[in-house]
Amino acid sequence: MIPWVQLDSAKTGDGAQELRLKRRGNEFSIMLGTNELMNSRLSGSEQALAKLSCQRIADHRQPRILIGGLGMGFTLRAALAELGKDAGIVVAELVPAVVAWARGPMAEVFGGCLDDPRVAIQETDVGQLIQSGPAAWDAILLDVDNGPEGIVHKGNDALYSLAGLGVARTALKPGGVLAVWSQGPDSGFTRRLKQAGFAVEEVNTRANGKRGARHVIWIATNGARS
């Protein structure tokens, strides 16, 4: 068995915890304490997050997409594969080291997607970009923590509050989509999405195709306002 080797570490956005990048052969892992946040062999549900969202806005011209959380780039690469040349994608990543890992030790995993002309990386809190203006985005994809109940950065909780969801809906164009990845179900979050005025679809998906842990993706659509 090839042992895991720690390549680097970095503080989370609030400075309270530590992320660790580990490698075993061609496999990478990002850990928070004893919790594995992501693994380069498990990408199915993050890819589904992008595919489901992009399918809902397929008829939008020159779509602008905001992705919260770079991770290992699974969501970004899947979105690029779904979208045309007229699309623009902004990825908000709060931890600069994660961007450095993407361009450094994990460059092969990312496959050059950060150099795609449709992509812009901003080292900032995705919440700030959501608040940048009304009707700014065709889709907002959130994979910034383990889901609505955050463990990495408590500041993320505001994104999933009723007030935060209202801000996200304002930031979306009519017919736009807020898509949220979660490690597991959360009935309270489903209720908050509906209370915020979204039409909600809850999708169960696997971490790796038909195998692996079961994850949840909420597809929340912003209907035209009266």
Side-chain angles (χ1 to χ4, degrees), residues 13 46-71 73-96 98-99 102 113-145 147-148 150 153 155-182 189 192-201 217-226:
E46 288 87 352
Q47 291 172 345
L49 176 68
K51 291 180 179 179
L52 290 168
S53 303
C54 292
Q55 287 169 1
R56 302 306 192 278
I57 60 166
D59 60 343
H60 290 213
R61 296 182 60 187
Q62 297 181 322
R64 295 190 69 226
I65 314 301
L66 174 60
I67 297 177
L70 177 60
F74 300 134
T75 300
L76 172 60
R77 291 201 303 280
L80 287 170
E82 293 287 328
L83 296 168
K85 294 181 180 180
D86 65 338
I89 303 176
V90 175
V91 181
E93 174 52 57
L94 188 58
V95 182
V98 173
V99 180
C113 68
L114 299 186
D115 299 320
D116 190 296
R118 295 172 290 176
V119 176
I121 305 294
Q122 294 198 25
E123 295 178 2
T124 187
D125 189 332
V126 68
Q128 294 184 5
L129 296 182
I130 293 174
Q131 297 177 45
S132 61
W137 307 99
D138 294 270
I140 299 172
L141 283 57
L142 296 180
D143 183 11
V144 295
D145 213 312
H153 176 44
N156 291 332
D157 289 349
L159 295 172
Y160 306 115
S161 68
L162 183 58
L165 295 175
V167 172
R169 185 167 178 240
T170 297
L172 287 168
K173 297 175 184 177
V177 168
L178 172 66
V180 178
W181 181 96
S182 177
F189 182 61
R192 290 198 299 278
L193 283 168
K194 293 178 180 179
Q195 289 171 353
F198 287 103
V200 183
E201 179 183 359
I217 296 170
W218 286 273
I219 302 294
T221 304
N222 177 28
R225 298 170 187 272
S226 58

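Predicted, not measured: the structure shown is a model, and the values here were computed from it.
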A.B. asks: Okay, side chain of Ser132, backbone of Gln128: is any donor-acceptor separation there less than 3.5 Å?
C.D. replies: no

A.B. asks: Of all the heavy-atom pairs spanning Arg169 and Phe198, show the shortest one and how long it is.
C.D. replies: CB-CZ, 3.5 Å

A.B. asks: Please determine whether side chain to side chain contact (heavy atoms under 4.5 Å, CB included) holds for the pair Leu114 and Leu70, giving the CA-CA distance in whole Å, both sets of side-chain angles, and the decisive distance to 0.1 Å.
C.D. replies: CA-CA 10 Å; Leu114 299 186; Leu70 177 60; 4.1 Å; yes

A.B. asks: Has the side chain of Thr75 got a donor or acceptor atom that lies under 3.5 Å from a matching backbone atom of Ala50?
C.D. replies: no

A.B. asks: Take Trp181 and Leu142 through the test side chain to side chain contact (heavy atoms under 4.5 Å, CB included) and record every step on the way to the result.
C.D. replies: CA-CA 6 Å; Trp181 181 96; Leu142 296 180; over 6 Å; no

A.B. asks: Determine the minimum heavy-atom distance between Ile57 and Pro63, stating which atoms define it.
C.D. replies: CD1-CB, 4.2 Å

A.B. asks: Verify side chain to side chain contact (heavy atoms under 4.5 Å, CB included) between Asp116 and Ile89, making sure each step is shown before the conclusion.
C.D. replies: CA-CA 10 Å; Asp116 190 296; Ile89 303 176; over 6 Å; no

A.B. asks: Go through the steps to decide whether Leu178 and Asn222 satisfy the test side chain to side chain contact (heavy atoms under 4.5 Å, CB included), and finish with yes or no.
C.D. replies: CA-CA 8 Å; Leu178 172 66; Asn222 177 28; over 6 Å; no

A.B. asks: Can you pull the salt bridge (Lys or Arg N to Asp or Glu O under 4.0 Å) pairs that have at least one residue in residues 51-71, sequence neighbours excluded?
C.D. replies: Arg56-Glu201

A.B. asks: Donor-acceptor pair, Arg118 side chain versus Leu80 backbone, under 3.5 Å?
C.D. replies: yes

A.B. asks: Do the side chain of Glu93 and the main chain of Val99 share a donor and acceptor less than 3.5 angstrom apart?
C.D. replies: no

A.B. asks: Could you work out, with side chain to side chain contact (heavy atoms under 4.5 Å, CB included) as the rule, every residue matching Gln122, not counting sequence neighbours?
C.D. replies: Val90, Thr124, Leu129

A.B. asks: Please identify each residue that fulfils ring-ring contact (aromatic ring centres under 6.0 Å, His included) with Trp218, with sequence neighbours left out.
C.D. replies: Phe189

A.B. asks: Any side-chain heavy atom of Val180 within less than 4.5 Å of one from Tyr160?
C.D. replies: yes

A.B. asks: Return the set of residues passing side chain to side chain contact (heavy atoms under 4.5 Å, CB included) with Ala179 (not counting sequence neighbours), or none when no residue passes.
C.D. replies: Leu49, Ser53, Leu141, Val177, Ile219

A.B. asks: Give, for atom CD1 of Ile67 and atom CG of Asp143, the distance between the pair rounded to the nearest 0.5 Å.
C.D. replies: 9.5 Å

A.B. asks: Under the side-chain hydrogen bond (donor to acceptor under 3.5 Å, both in side chains) rule, collect the residues that match up with Glu82, sequence neighbours excluded.
C.D. replies: none

A.B. asks: If every non-hydrogen atom of Gly13 is compared with every non-hydrogen atom of Val95, which pair is closest and at what distance?
C.D. replies: N-CG2, 4.0 Å

A.B. asks: About how many Å separate CG of Leu76 and CD of Glu46, when rounded to the nearest 0.5 Å?
C.D. replies: 12.5 Å

A.B. asks: Where is the tightest heavy-atom contact between Gly133 and Ala136, given as atom of each residue plus distance?
C.D. replies: O-CB, 3.7 Å

A.B. asks: What heavy-atom pair brings Glu123 and Pro96 nearest, and what distance separates the two atoms?
C.D. replies: OE1-CB, 3.5 Å

A.B. asks: With sequence neighbours excluded, what pairs up with Arg192 under the side-chain hydrogen bond (donor to acceptor under 3.5 Å, both in side chains) test?
C.D. replies: none

A.B. asks: Excluding sequence neighbours, so at least two apart, what forms salt bridge (charged side-chain N to carboxylate O under 4.0 Å, His left out) with Asp86?
C.D. replies: none

A.B. asks: Is there a side-chain contact between Leu159 and Ile130 (heavy atoms, below 4.5 Å)?
C.D. replies: yes

